[in-house]
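Below, all heavy atoms of this structure are taken into account, side chains as well, without hydrogens, waters or symmetry copies. Below, chains carry the letters A, B, ... as their sequence lines are ordered, and counting in each starts from 1. Please read all numbers here as calculations on a predicted model, not as lab measurements.
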There are 4 protein chains.
Amino acid sequence: MARTIGSHGPKTMEAIRKAGLKLIYEHGFEAMSLRQLASEVGIQVGSLYNHITTKEDLLYDLIKAHMDDLFAQFDEVRAEGRDKGPVERMRDFIAFHVTYHILRKREVFIGYSELRSLEPNHYEEIVALRRQYERHLIDILRQGEALDLFRCGDASVAAYGILSMLTGVCTWFRPHGRLSKEQVISTYSDLVLNGLMPPSR
Amino acid sequence: MARTIGSHGPKTMEAIRKAGLKLIYEHGFEAMSLRQLASEVGIQVGSLYNHITTKEDLLYDLIKAHMDDLFAQFDEVRAEGRDKGPVERMRDFIAFHVTYHILRKREVFIGYSELRSLEPNHYEEIVALRRQYERHLIDILRQGEALDLFRCGDASVAAYGILSMLTGVCTWFRPHGRLSKEQVISTYSDLVLNGLMPPSR
Amino acid sequence: MARTIGSHGPKTMEAIRKAGLKLIYEHGFEAMSLRQLASEVGIQVGSLYNHITTKEDLLYDLIKAHMDDLFAQFDEVRAEGRDKGPVERMRDFIAFHVTYHILRKREVFIGYSELRSLEPNHYEEIVALRRQYERHLIDILRQGEALDLFRCGDASVAAYGILSMLTGVCTWFRPHGRLSKEQVISTYSDLVLNGLMPPSR
Amino acid sequence: MARTIGSHGPKTMEAIRKAGLKLIYEHGFEAMSLRQLASEVGIQVGSLYNHITTKEDLLYDLIKAHMDDLFAQFDEVRAEGRDKGPVERMRDFIAFHVTYHILRKREVFIGYSELRSLEPNHYEEIVALRRQYERHLIDILRQGEALDLFRCGDASVAAYGILSMLTGVCTWFRPHGRLSKEQVISTYSDLVLNGLMPPSR
DNA sequence: CATGAATGAGGCTTCATTCAT
DNA sequence: CATGAATGAAGCCTCATTCAT
């Protein structure tokens with residue numbers, strides 16, 4: 001992504017990213033035209049190319065930035081969880097994941113649904129990052145199993161299931177709806193942790 | 001959808017639906033061109049219009065057929081579960097949902113991701129059907145709570161979570177991969193049922 | 001949409017080739033826009049693509065057809081010259097070359113000046129054909145030298161020189177101008193043959 | 001052409017002319033973009049306009065400079081040839097023309113092939129200069145005919161032919177190839193002079 | 001002088017759709 | 001039914017040029 005350095009340049013670039021995020025979320029990447037994007041930003045179509053190199057590149061830029069943010073924020077959670085047990089780590093993970101996915105629902109949605117519009121190189125890079133993130137959850141599950149605190153049939157299956165469940169939140173959660181973020185986190189934490197813990201003790 | 005009845009017409013229409021399913025799944029509805037579709041079927045673009053009325057209409061046709069199938073098959077499960085308790089009904093639901101989503105992963109995927117390409121009327125219709133389906137799960141949860149067999153914070157939240165988890169299967173499950181369908185069903189059944197049942201006291 | 005005045009299939013393609021020849025000759029390949037071309041033909045821009053695959057491909061088509069014609073006509077001259085001596089063969093070559101270049105001045109001009117706009121593969125193919133044609137002239141010169149009828153310093157240099165001279169005709173010759181085609185042929189035949197024949201001994 | 005006088009301005013202008021010459025020669029005037037040009041020079045596109053007024057004006061500048069050089073150098077040849085006979089003048093002309101066209105092949109090529117991209121005024125001016133140059137050759141031919149040393153059917157036809165032949169050198173001559181410049185000059189001098197001189201004496 | 005950003009026109013190409021044959 | 005050719009809108013992107021900083 002060509003981030004040009006100039007006087008009112010960065011402001012335009014930021015406007016493009018913001019409008020792009022909105023339009024891609026609303027219509028999908030393929031369905032969003034650069035005409036729409038430019039008009040939303042308030043410039044001519046050709047002017048977009050003073051800031052981006054390609055339509056695909058804008059998509060990559062948005063997704064990559066989202067992944068970077070995800071990791072940056074998640075790293076703090078991980079750092080704090082260094083000495084905690086798997087139950088607490090899982091609770092932290094759920095709280096973090098749900099929070100991030102509620103606050104950044106558009107980035108997250110795009111990050112899943114528009115992956116296939118990325119060029120092979122970009123696609124591979126993002127998928128690798130996603131796998132890395134998933135592995136953190138699998139680690140927690142494995143740790144729990146080793147300590148006989150969790151019992152999940154297959155760690156990856158469970159991890160994928162939990163991630164799907166938590167991620168689904170960004171398709172239906174409404175910021176000022178009936179349920180608060182905390183309620184969702186609590187419901188899912190119970191569901192998951194009860195689900196993982198062996199029923200008989 | 002104009003389903004013309006003729007000598008080799010139905011065969012062509014079936015080929016179009018099959019090719020459409022494949023191409024939309026692979027590239028997305030917006031990204032699939034009717035040229036691609038015609039070429040996959042082995043006819044000229046113009047000939048498509050002897051079988052479909054509109055590109056959007058083909059999409060609707062595919063999604064609607066998928067929803068009809070889903071309900072047709074689900075109705076059998078429901079009929080059999082009339083006298084069962086919520087635990088067993090849940091088990092059946094999970095087995096059914098996972099099975100269907102593994103076998104019809106392309107239809108299911110399209111049914112979620114390309115909804116926004118439907119015209120308003122079609123969109124509303126499909127979303128209504130989907131809600132109806134979700135309500136079945138919510139019913140099971142409510143029944144379980146009433147009998148004090150389940151304890152889920154909020155029934156819809158739990159339902160959405162469970163559905164997301166189970167549906168996610170069609171993004172990662174590989175037919176001849178490491179895990180069998182039965183293993184997945186078993187893992188998820190345990191996870192969900194343990195998650196729902198109050199920890200033994 | 002109702003079809004406007006116009007032509008069907010092959011007729012349209014022929015119109016495109018004709019208009020393309022004219023416009024490329026007048027403005028150059030790069031400078032000719034498909035808008036211009038379509039408007040000259042009397043169809044919409046997009047309709048061009050029912051007949052051509054690419055702008056470059058139209059250029060290649062025109063040049064290739066011209067080369068094929070050149071060879072087809074030249075083969076007759078060669079066949080007739082099988083038993084002739086180099087002097088007469090040279091006379092025939094000059095007459096043929098000048099005639100063809102006067103009658104097909106636009107094709108010839110394009111065939112030289114727009115070569116660089118061809119894709120590598122097409123470029124190589126045409127250049128190879130051109131070389132093959134040049135070799136005929138070199139052969140005549142070599143035969144003349146072997147029989148001690150011609151004396152040219154270096155056969156290729158002479159050949160290139162003669163070809164340049166004869167080809168130049170299509171930049172300045174005007175069909176109904178001061179000079180007839182026959183006068184040009186006669187002038188150049190004398191110039192070349194005298195030039196090649198060793199000064200009287 | 002705005003030739004701004006400043007500290008490092010002339011150096012930039014010179015770089016632009018040099019890069020322009022190269023790129024126009026390689027890709028053609030229409031195909032060369034100012035982006036390419038700026039990048040070759042190592043500045044931004046907008047900065048070009050501190051040195052040139054228009055893309056077309058750069059072309060004119062290059063062609064005009066080439067014509068001026070051609071005349072400047074040719075004037076020396078003419079001055080020296082004031083008292084010589086047509087044969088020696090022709091020899092000098094050939095040597096000069098070939099030498100110049102070999103050394104300045106890019107300018108010469110552009111001066112022929114990109115004329116049509118000039119604005120009408122510029123076009124007329126350059127064509128007039130070219131005609132003036134051609135007239136020198138015609139003069140030599142006429143002088144030779146008057147002295148009964150040359151016999152060319154039609155002086156202009158012969159002149160155009162000779163010029164085409166000599167000019168063609170810049171399309172195929174390779175500086176360090178099989179043939180030296182002197183060989184080419186010698187071959188063409190013989191060809192032309194033999195061609196012009198009446199065979200029987 | 002150089003720069004980055006803006007413009008508006010236009011580049012080639014593809015799109016879904018129509019319809020006479 | 002299938003075809004091929006037509007349409008007009010729209011796709012992404014590049015163009016030469018201008019101008020405030």
Side-chain angles (χ1 to χ4, degrees), chain A residues 2 4-13 30-38 42-56, chain B residues 4 6-9 11-13 30-38 41-56 58, chain C residues 1-13 30-38 42-56, chain D residues 4 6-9 11-13 30-38 41-56 58:
Chain A
T4 24
I5 299 162
S7 51
H8 48 313
K11 246 179 276 176
T12 304
M13 184 59 211
E30 288 277 353
M32 174 195 75
S33 79
L34 294 190
R35 282 207 224 295
Q36 274 179 285
L37 180 60
I43 58 177
Q44 297 298 114
V45 193
S47 306
L48 287 174
Y49 286 85
N50 289 319
H51 306 275
I52 67 174
T53 64
T54 267
K55 195 192 175 194
E56 187 271 349
Chain B
T4 335
S7 51
H8 52 306
K11 245 178 278 174
T12 303
M13 184 58 213
E30 287 279 350
M32 174 196 76
S33 80
L34 293 190
R35 265 162 190 67
Q36 270 179 286
L37 180 60
V41 173
I43 58 178
Q44 295 303 113
V45 200
S47 309
L48 285 175
Y49 284 84
N50 291 316
H51 305 273
I52 67 174
T53 66
T54 269
K55 193 190 175 194
E56 189 269 350
L58 172 61
Chain C
M1 198 57 42
R3 229 168 290 173
T4 44
I5 27 112
S7 27
H8 260 358
K11 249 180 274 177
T12 303
M13 184 58 210
E30 288 278 351
M32 173 195 75
S33 79
L34 294 190
R35 282 208 224 295
Q36 274 179 285
L37 181 59
I43 58 178
Q44 296 300 112
V45 194
S47 306
L48 286 174
Y49 285 83
N50 289 318
H51 306 275
I52 66 175
T53 65
T54 268
K55 195 190 175 197
E56 189 270 348
Chain D
T4 336
S7 50
H8 53 305
K11 245 179 278 174
T12 303
M13 184 57 212
E30 287 279 352
M32 174 196 74
S33 80
L34 293 191
R35 265 162 189 68
Q36 271 180 286
L37 181 60
V41 173
I43 59 179
Q44 295 303 112
V45 200
S47 308
L48 285 174
Y49 285 83
N50 290 316
H51 305 274
I52 67 174
T53 66
T54 269
K55 194 190 174 194
E56 188 269 351
L58 172 62

Ranking F/dC1, F/dA6, F/dG11 by distance to the side chain of A/R35, first place goes to F/dG11
Separation of E/dT13 atom C1' from A/K55 atom NZ, nearest Å, is 15 Å
Measure the distance from CG on D/L37 to C1' on F/dA16 and round it to the nearest whole Å.
12 Å
Min side-chain heavy-atom separation C/I43-C/N50 under 4.5 Å:
no
Just N and O in the side chain of A/H51: are any of them under 4.0 Å from OP1 or OP2 of E/dA6?
yes
Between F/dA6 and C/T12, is there an OP1 or OP2 to side-chain N/O distance shorter than 4.0 Å?
yes
Rounded to the nearest 0.5 Å, what separation is found between the CG atom of D/L58 and the CG atom of D/L37?
6.5 Å
When rounded to the nearest 0.5 Å, the distance separating NE2 of C/H51 from OG1 of C/T53 is 13.0 Å
Of F/dT3, E/dA2, E/dA6, the nucleotide closest to the side chain of D/S47 is E/dA2
Identify which nucleotide among E/dC12, E/dA16, F/dT17 has an atom closest to any side-chain atom of B/Y49, counting heavy atoms from C-beta outward.
E/dA16
Check the phosphate of E/dT14 against B/S33, side-chain N and O only, distance under 4.0 Å to OP1 or OP2. Yes or no?
no
Under 4.0 angstrom between A/T54 side-chain N/O and F/dC13 OP1 or OP2:
yes
Return the pairing partner of E/dA20 with a 3.5 Å limit on both distances, Watson-Crick or G-U wobble; otherwise return none.
F/dT3
Which value, rounded to the nearest 0.5 Å, describes the distance between C/M13 atom CE and C/I52 atom CD1?
7.0 Å
When you match D/G46 and C/E56 each to their closest nucleotide on DNA chain E, which lands nearer the 5' end?
D/G46
Integer-rounded Å distance: E/dG11 P and C/Q36 CD
7 Å
Write down the distance between CD1 (C/I52) and C1' (F/dA5), rounded to a whole number of angstrom.
14 Å
If pairing requires Watson-Crick or G-U wobble contacts with both distances under 3.5 Å, which nucleotide is the partner of F/dG11?
E/dC12
Of the nucleotides F/dA6, E/dC12, F/dC13, which has the atom closest to the A/V45 side chain?
F/dC13
Say you draw a straight line from CD of A/E30 to NZ of A/K55; how long is it, rounded to the nearest 0.5 Å?
5.5 Å
Rounded interatomic separation in angstrom, taking CG from A/L48 and C1' from E/dA6
11 Å
D/E30 CD to E/dG11 P, in whole Å, measures 11 Å
Whole-Å gap separating C1' (F/dA6) and NZ (C/K11)
15 Å
Among E/dG8, F/dT7, E/dC12, find the nucleotide with the atom closest to the side chain of C/L34.
E/dC12
When the distance from CD of A/Q44 to P of F/dC15 is rounded to whole Å, what number comes out?
18 Å
